[in-house]
Amino acid sequence: MRRKYLKHLFLSLYIMTAVYTGAHASGTEQEILLDPNTGFPVILNKPFIVFNEGVTGSWITRIIKQTGRSNFVFKDFMAGAYFSLETKNMQPVDSMVRFAVYYPLSFKFNGHPQVPKNMLNFAFDLFAAPVFLQMDMWNYLRFNITAGLHFLYQMGDRWNYINLGIGALSGIELPIARRWTMLINGYMSVDYGNFGTNRHLEPYDLVWQYQLDVGVRYSRRALNQYSYIPSRRTYEEDLAALAAKDQAKQEKKEAKRAAKEAARNAKENSSATPADMVPETGQDDSQAPATDQPPADTGTGTVPDSSPATATNQETSAGQHLDSGTVQSDTGIQVPLNPTLIF
């Protein structure tokens, strides 16, 4: 039974998502501008996230069917607070995630109040879904309709309940001021309630839940073009200020990227090997560059000539070669010539 229920749950979600995505993609095509850096289309309306918060109340009903007598009906009421985030300008569809925390206030069995034994009972609720439909009534009211997955954990006196199912949310947005919006949401879910500790001793045949939320939204990006309380600045001025802020942020990113690129190039240039920086050798002595410094004085008043011819004459005056095997010194003694060393 559990597998069959989950199969129908995910199949319904898949069909709703496919139908909406196909309808959204069949719209009129607009002129596409390409980004010269990436080659992808330029995102004109960049997506962003808005945050909502408020108070909420939840009513949960669990039923165990009986034959020959009335059914067992368990009803719980819980109060708490919720926090949600919602995307704007996201393609192909916007989405939302809602998280709520509850404290159980009352328990009833077949209409009779039950006294709780544990004072630390609590519950939390999670709902995630794409926003399928967004409408407005002459800009005075805006409507949101969505359907998605629902999860509930509740700690009770007897069991720890875990519910998983599909839920739907219908909300109204009231533009109070340019940046302030009041939210009123109604929510209902149908769940499978036998994932908790009650699945063996007290399995439920039907579980449903409905909630009521009252919250607010403050956003500097999701501005209300028309509001009940007029703003000092016009809507165009707010958009221009927002565009200037985004441009300044983009310029800052570009400057940071350019600085990183310059630092990387400087590091690559400084890490070059010394062999790459030394000029090529192998040129003969006749091509060696002449030095500008004059030769040093030897102390005799004359400057020795450092030319190759003078060096040759000095070598021949120091010793005269008699043959290939001996050399005669200045004293007249013939010394054998070393085949490897020449004195």
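Count residues from 1 along the sequence.
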Legend entry - Salt-bridge criterion met for D125 and R98 (N-O under 4.0 Å): yes

Inset, instruction - Using distance alone, with no hydrogens and no angle criterion, decide if H150 and D191 have a side-chain donor and acceptor under 3.5 Å apart. - result: yes

Inset, instruction - Specify whether Y228 and Y140 have parallel, tilted or perpendicular ring planes, treating 30° as the upper limit for parallel and 60° as the lower limit for perpendicular. - result: parallel

Legend entry - Salt-bridge criterion met for E202 and R158 (N-O under 4.0 Å): yes

Legend entry - pair Q91-I43: side-chain heavy atoms closer than 4.5 Å: no

Inset, instruction - For residues Y187 and F127, establish whether the separation of their ring centroids is below 6.0 Å. - result: yes

Inset, instruction - Name the orientation class of the two ring planes belonging to F124 and F122 (parallel below 30°, tilted from 30 to 60°, perpendicular beyond 60°). - result: parallel

Inset, instruction - Could you verify whether a donor N or O on one side chain and an acceptor N or O on the other, from N160 and T197, lie under 3.5 Å apart? - result: no

Inset, instruction - Please confirm whether R62 makes a cation-pi placement over Y161, using NZ or CZ under 6.0 Å from the six-membered ring centre and within 45° of the ring normal. - result: yes

Legend entry - Pair Y102, Q211: side-chain N/O donor-acceptor within cut-off below 3.5 Å: yes

Inset, instruction - Flag the pair F109 / F72 as yes when their ring centroid distance falls below 6.0 Å, and as no otherwise. - result: yes

Inset, instruction - Tell me yes or no: between the side chains of Q154 and D76, is some donor less than 3.5 Å from an acceptor? - result: yes

Legend entry - Derivation and outcome, side-chain hydrogen bond (donor to acceptor under 3.5 Å, both in side chains), residues R217 and S84: CA-CA 10 Å; R217 174 199 300 153; S84 67; over 6 Å; no

